[in-house]
Amino acid sequence: MKLHLSLTLAAALSLGVAATAHASVVTFNNPGLVDIDNNTGVASYTEAGYVISGQAADFLPLDESLVGGFTGALPFSLKAAFGSAFSLASLDYAFYDLGDPAGDLTVTGLFNGQQLASQTFSLGGLSSAAFGTGWQSLTELTFSATSGFSLDNIRLEAVAAVPEPGMLALSSVGLLGLLAASRRRRALR
């Protein structure tokens with residue numbers, strides 16, 4: 001009976017390895033410090049397990065939003081703190097008056113440096129955008145604009161770990177071996 005229970009538990013573990021997705025929202029509600037590397041001029045801000053980085057003058061987390069699009073600003077990026085893949089579910093964006101007329105915001109999704117998705121939004125009042133299947137399994141997001149903009153409520157989902165087919169096959173062979181050994185023991189009794 002114990003062996004049957006062990007086999008059942010092992011089968012459940014080997015076939016149910018896929019984890020559920022974990023959602024995080026970057027809200028900028030209580031922004032922490034921005035770290036600036038004095039040698040490179042690269043600034044980084046970490047919240048909810050994600051790191052936003054770029055040249056020091058390209059973005060600024062304020063209370064309840066992140067502002068970017070300063071004159072001459074380069075794109076800045078968002079990555080998971082531990083380099084894992086994630087999906088972009090949604091975000092809020094708006095025009096932020098830095099002295100220029102409202103322009104466009106471009107959000108680009110990358111996987112290991114390869115562009116998977118890109119979308120451009122006209123900046124105006126507060127708007128929300130939802131992102132579909134083309135925004136899954138990303139390792140980086142970049143943000144660039146032709147005018148000042150603010151971001152808030154960036155909803156990201158960690159990509160669940162899914163077992164490789166070879167691992168599933170190896171687990172199945174192991175389970176079959178345990179089952180055969182169990183039957184052999186029963187036959188010897």
Side-chain angles (χ1 to χ4, degrees), residues 21-160:
H22 178 301
S24 298
V25 181
V26 180
T27 63
F28 309 103
N29 286 346
N30 295 302
L33 296 176
V34 175
D35 293 322
I36 300 174
D37 183 325
N38 291 329
N39 295 324
T40 63
V42 172
S44 62
Y45 170 77
T46 303
E47 183 181 326
Y50 293 87
V51 178
I52 296 172
S53 63
Q55 290 301 305
D58 293 344
F59 67 91
L60 179 63
L62 299 174
D63 195 24
E64 299 189 18
S65 68
L66 178 124
V67 175
F70 301 99
T71 303
L74 299 172
F76 57 88
S77 69
L78 179 147
K79 296 180 182 180
F82 298 104
S84 56
F86 60 90
S87 298
L88 174 61
S90 63
L91 60 80
D92 296 338
Y93 64 94
F95 170 66
Y96 192 87
D97 190 356
L98 296 172
D100 295 325
D104 296 322
L105 167 67
T106 300
V107 181
T108 304
L110 306 161
F111 180 78
N112 293 335
Q114 296 287 89
Q115 182 178 321
L116 296 182
S118 184
Q119 191 163 351
T120 299
F121 304 97
S122 293
L123 294 167
L126 182 61
S127 299
S128 294
F131 298 85
T133 57
W135 294 86
Q136 296 175 349
S137 297
L138 306 172
T139 54
E140 180 179 10
L141 291 173
T142 63
F143 301 92
S144 61
T146 59
S147 71
F149 66 94
S150 66
L151 296 173
D152 196 12
N153 300 319
I154 303 172
R155 187 169 189 277
L156 305 153
E157 296 175 356
V159 173

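Along the sequence shown, residues are numbered consecutively beginning with 1. A quick note: this is a predicted structure, and the numbers were derived from the prediction, not measured.
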Checklist outcome for this item: Here the gap from L110 atom CG to L78 atom CG, rounded to the nearest 0.5 Å, amounts to 11.5 Å

For residues [X] and [Y], report the shortest heavy-atom separation together with the two atoms involved.
X: T139; Y: K79; value: O-CG, 3.5 Å
X: D58; Y: P75; value: OD2-O, 4.4 Å
X: I36; Y: A43; value: CG1-CB, 4.0 Å
X: S118; Y: T108; value: OG-OG1, 3.4 Å
X: A80; Y: F86; value: N-CE2, 3.9 Å

Under the side-chain contact (heavy atoms from CB on, under 4.5 Å) test, which residues partner [X], sequence neighbours left out?
X: D35; answer: S44
X: Q136; answer: S87, T133
X: A85; answer: V159
X: A57; answer: none

Taking the side chain as C-beta and beyond, is there a heavy-atom pair between [X] and [Y] under 4.5 Å?
X: L156; Y: L88; answer: yes
X: E47; Y: T27; answer: yes
X: F131; Y: L138; answer: no

Next on the checklist: Can you pull out every ring-ring contact (aromatic ring centres under 6.0 Å, His included) where at least one residue sits in residues 92-119? Sequence neighbours excluded, please.
Outcome noted: Y93-F121

Item to check | Non-neighbouring partners of T120 that pass side chain to side chain donor-acceptor pair (under 3.5 Å), sequence neighbours left out | outcome: T106

Checklist entry - Mind checking what makes side chain to side chain donor-acceptor pair (under 3.5 Å) contact with S128, not counting sequence neighbours? => result D92

Check: residues 59-74 side-chain donor-acceptor pairs under 3.5 Å, at least two apart:
none

Item to check | Check: S24 side chain, H22 main-chain N or O, donor-acceptor pair, under 3.5 Å | outcome: no

Just list the side-chain donor-acceptor pairs under 3.5 Å for residues 140-151, sequence neighbours left out, or say none.
from: T146; atom 1: OG1; to: D104; atom 2: N; distance (Å): 2.8
from: S147; atom 1: OG; to: G103; atom 2: N; distance (Å): 2.8

